[in-house]
Amino acid sequence: MQIKPIALYNTLTRQKAPFAPIDPHHVRMYVCGPTVYDLAHIGNARPVIVFDVLFRLLRLVYGETHVTYARNITDVDDKINARAAERFKDLAPTAAIAKLTQETTAQFHADIAALGVLSPTVEPRATGHIAEMVVLCDALIAKGHAYVAEDHVLFDTTSMADYGKLANRSLDEMEAGARVDVAPYKKGAMDFVLWKPSTAEQPGWPSPAGIKKHGRPGWHIECSAMAEKHLGQVFDIHGGGVDLVFPHHENEIAQSRCAHGTPTMANVWMHNGFLQVEGEKMSKSLGNFYAINDLLTTDVFGQQAWHGRVLRFAMLSTHYRQPIDWTVDRLTQAKHTLQEFAELVHGVAGGGAPNPDVIGALSDDLNTPSAISILHGLAKSAKRGDGAKASELRTTLEFIGLYGGETAAELSLQQHANVDAVKVRALIADRLEARRAKDFKASDRIRDELAAMGVVLKDAKSPTTGEIVTTWEYKR
RNA sequence: GGCCACGUGGCGGAGUGGUGACGUAGCGGACUGCAAAUCCGCGUACCCCGGUUCAAUUCCGGGCGUGGCCUCCA
């Protein structure tokens with residue numbers, strides 16, 4: 001379809017610019033995925049949701065089969081090793097690690113599926129790309145960008161003229177500000193590990209550069225290897241959280257560019273803003289650390305469980321580059337709005353194209369708040385009985401992943417165990433009878449009784465017969 | 001200490017060098033036996049101080065505040 005070009009903000013240039021894929025028939029995007037050592041938290045959900053929206057937009061504009069979206073799984077990492085040893089004491093290290101990464105990956109998939117996230121085109125695993133990482137290490141050594149020291153392979157940051165360009169800082173500045181003790185075998189303070197030796201208990205593979213000991217990759221090299229394998233040496237978009245700008249993405253760029261001799265790794269670098277919880281940094285010590293799964297299935301946040309679509313809506317109610325404060329108020333408001341939308345589109349047939357203004361808003365560097373405001377406009381028309389707008393609203397909501405056929409009641413996960421629908425209908429009939437008899441005391445008593453059960457009544461006049469028709473719903 | 005973001009009405013949140021997006025809360029009205037729901041209407045907001053400009057919330061400089069990175073945390 002022909003619509004206005006997509007504009008994206010690029011961290012490399014600190015500017016928003018029209019997006020033009022290298023190959024107009026094949027858009028390639030890489031986003032850093034989770035390290036599977038523990039449940040994904042709500043901060044992890046942000047890039048997953050944000051780049052899912054971008055993926056959907058790119059598919060719409062360039063065609064579903066013309067977009068490759070790679071989101072990796074990091075399944076080799078020292079945090080994984082530590083956690084596996086702690087949780088599965090009876091198992092051999094390899095078996096324990098396999099069990100942990102397998103379980104955590106499955107849970108991650110389940111959690112983000114609830115958020116309405118599409119599967120990426122490819123989901124490479126680090127352990128499936130060790131050979132490619134070894135090749136990269138050897139290439140970097142051969143080209144004088146890396147060196148071997150005490151069975152480690154290290155990247156020589158001084159060998160790259162514009163190291164620090166993405167983070168916009170020079171080596172001098174970084175060294176001046178560094179608070180880390182520099183390992184004695186490093187030539188330069190900012191040099192980073194590409195490969196390190198493993199003990200017998202740690203996962204290990206044959207090492208590059210003729211190193212005798214088995215070893216394992218550093219974090220950054222994983223993404224360089226997986227991106228190259230699935231997207232090529234230079235591709236279109238690379239995404240992740242702002243906290244990855246340095247050192248992770250800076251180092252990916254250094255590795256890939258130096259190994260391939262390319263002027264760039266990806267044309268556009270996109271970073272989502274940080275998430276806070278109720279105005280504070282999310283951390284286990286503050287007791288405000290929430291896994292996606294906690295929000296979906298327990299009442300630890302705001303005394304209720306939240307539907308995945310509500311979490312998604314709340315996440316998209318702020319522009320992706322802004323910091324977002326994750327609060328109960330925000331989720332409550334998101335739930336109300338989504339329930340209203342659901343009421344308008346439930347039972348309405350979708351089809352057709354998503355609203356062009358919404359696509360326009362998304363094309364403007366993923367302006368989701370603006371898109372939502374346009375959705376409100378559609379909802380207003382739908383509420384006035386415009387069936388075409390109701391249908392368009394549904395199609396557009398489905399396109400963004402904000403609707404999947406749920407009813408308003410299903411979007412509220414509060415417990416209503418003791419509400420018996422048959423009894424509710426009987427009480428409503430009694431109340432209508434009392435009202436007809438002008439026994440308002442009795443009718444109000446029934447209304448109060450229902451309210452105590454969490455049931456709210458709505459009286460409406462039937463447009464055809466003029467009769468009072470009472471419907472009910474759970475208190476929101 | 002170095003580097004980088006952000007600061008809009010009660011709250012959430014776009015956007016813009018000059019006519020106050022949008023949502024939500026609140027207020028008023030219609031409707032209702034009274035409510036709820038619905039509908040209609042109502043808000044002279046852009047952290048502070050300078051500068052540029054005919055004009056700044058929007059550009060520039062400084063300050064204050066909050067947050068991020070500099071420790072394989074999205």
Side-chain angles (χ1 to χ4, degrees), chain A residues 11 14 31-35 38 40-51 74 76-80 164 167-170 172-181 189-190 192-193 196 217-223 239-248 250-251 271-276 279-284 289 314 317-325 327 329-334 336-337 340 343 361 364 367-377 379-380 383-384 434-435 438-441 443-444 447-448 450-451 456-461 468 470-473 475:
Chain A
T11 306
R14 317 261 154 188
V31 174
C32 292
T35 299
D38 202 351
H41 58 70
I42 193 61
N44 295 315
R46 193 169 190 192
V48 172
I49 293 171
V50 163
F51 292 104
T74 294
V76 49
D77 178 273
D78 288 352
K79 286 198 296 285
I80 293 175
N168 195 25
R169 43 185 141 179
S170 69
D172 290 348
E173 283 168 0
M174 287 187 272
E175 284 175 24
R179 301 182 307 198
V180 229
D181 290 335
M190 300 310 294
F192 57 91
V193 171
K196 51 192 167 185
W219 180 33
H220 316 300
I221 197 76
E222 300 177 8
C223 287
V242 267
D243 55 323
L244 294 184
V245 172
F246 193 89
H248 185 54
E250 192 71 61
N251 291 351
H271 295 94
N272 61 271
F274 220 72
L275 174 144
Q276 282 186 277
E280 287 182 305
K281 177 170 174 144
M282 182 165 72
S283 75
K284 291 200 166 139
F289 191 93
S317 65
T318 294
H319 184 83
Y320 78 93
R321 280 193 281 121
Q322 295 280 5
I324 190 170
D325 192 13
T327 63
D329 272 358
R330 176 189 291 278
L331 296 191
T332 304
Q333 195 170 317
H336 286 186
T337 304
E340 189 188 321
E343 264 180 17
D364 183 15
N367 194 334
T368 50
S370 180
I372 288 170
S373 126
I374 295 158
L375 292 174
H376 278 290
K380 198 165 191 171
K383 214 181 281 184
R384 288 176 176 153
R435 291 187 60 198
K438 303 245 190 279
D439 184 355
F440 298 121
K441 233 180 169 171
S443 73
D444 288 353
R447 187 167 65 197
D448 291 345
L450 285 165
V456 179
L457 302 183
K458 289 191 215 174
D459 293 331
K461 247 185 199 152
I468 300 290
T470 301
T471 56
W472 66 280
E473 63 179 22
K475 188 167 183 251

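Reminder, nothing fancy here: chain letters follow the sequence lines and each chain counts from 1.
At a threshold of 4.0 angstrom between heavy atoms, the contacts of A:His248 with the nucleic acid are absent. Using a 4.0 Å heavy-atom criterion, one finds that A:Gly273 contacts the bases of the nucleic acid, with or without backbone contacts as well. Heavy atoms of A:Lys383 sit under 4.0 angstrom from primed sugar atoms or phosphate atoms, though from no base atom. Among the protein residues, A:Ile374 comes within range of no part of the nucleic acid, since none of its heavy atoms lies under 4.0 Å from any strand. Note on A:Phe246: only backbone sugar-phosphate atoms sit closer than 4.0 angstrom, heavy atoms only; bases stay farther off. If you check every strand for non-hydrogen atoms under 4.0 Å, A:Arg447 touches a base. Within the nucleic acid shown, A:Gly43 comes within 4.0 Å of at least one base atom, counting heavy atoms only. Within 4.0 Å of A:Leu244, counting heavy atoms only, lie sugar-phosphate atoms of the nucleic acid but no base atom. No contact: A:Asn251 has no heavy atom under 4.0 Å from any strand.
When each of B:G33, B:A36, B:A74 is scored by its nearest atom to the side-chain atoms of A:His41, the top-ranked nucleotide is B:A74. When distances are taken from the side chain of A:Arg384 to each of B:C22, B:C39, B:U24, the shortest belongs to B:C39. Of all nucleotides listed (B:A36, B:A74, B:C22), B:C22 comes nearest to the side chain of A:His376. Checking B:A14, B:C4, B:C34 against every side-chain atom of A:Asp459, the shortest atom distance belongs to B:C34.
For the P atom pair drawn from B:A36 and B:C27, the interatomic distance equals 11 Å after rounding to whole Å. Rounded to a whole angstrom, the distance from the C1' atom of B:G17 to that of B:G10 is 29 Å. A gap of 34 Å separates the P atoms of B:A37 and B:C47, to the nearest Å. B:A25 and B:U32: their C1' atoms are spaced 23 Å apart (whole Å). For the P atoms, the distance linking B:U16 with B:U57 amounts to 16 Å, nearest Å. Annotation: B:C46 and B:C11 have their C1' atoms spaced 15 Å apart (nearest Å). Between the C1' atoms of B:G62 and B:C40, the separation comes to 48 Å (whole Å). Across B:A74 and B:G18, the matching C1' atoms stand 41 Å from one another, rounded to whole Å.
Between A:Thr318 and A:Pro323 the shortest heavy-atom distance is CG2-O, 3.9 Å. Contact detail for A:Arg435 and A:Ser443: the closest heavy-atom pair is CG-CB, 3.5 Å.
Every residue two or more places apart in sequence or in another chain was checked for a side-chain hydrogen bond (donor to acceptor under 3.5 Å, both in side chains) with A:Asp325, and none qualifies. Partners of A:Arg46 according to the salt bridge (Lys or Arg N to Asp or Glu O under 4.0 Å) rule, which considers only residues two or more places apart in sequence or in another chain, do not exist here.
Within the 4.0 Å cut-off from OP1 or OP2 of B:G67, not a single side-chain nitrogen or oxygen of A:Lys281 is found.
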Write down the protein N/O and nucleotide N/O pairs, taken from nucleotides 9-13 of chain B, whose separation is under 3.5 Å; answer none if there are no such pairs.
| residue | atom | partner | partner atom | Å |
| --- | --- | --- | --- | --- |
| B:G12 | O3' | A:Arg330 | NH2 | 3.1 |
| B:G13 | OP1 | A:Thr318 | OG1 | 2.8 |
| B:G13 | OP1 | A:Arg330 | NH2 | 2.5 |

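The base of B:A35 does not come close enough to the side chain of A:Asp444 for any donor and acceptor atom to sit less than 3.5 Å apart.
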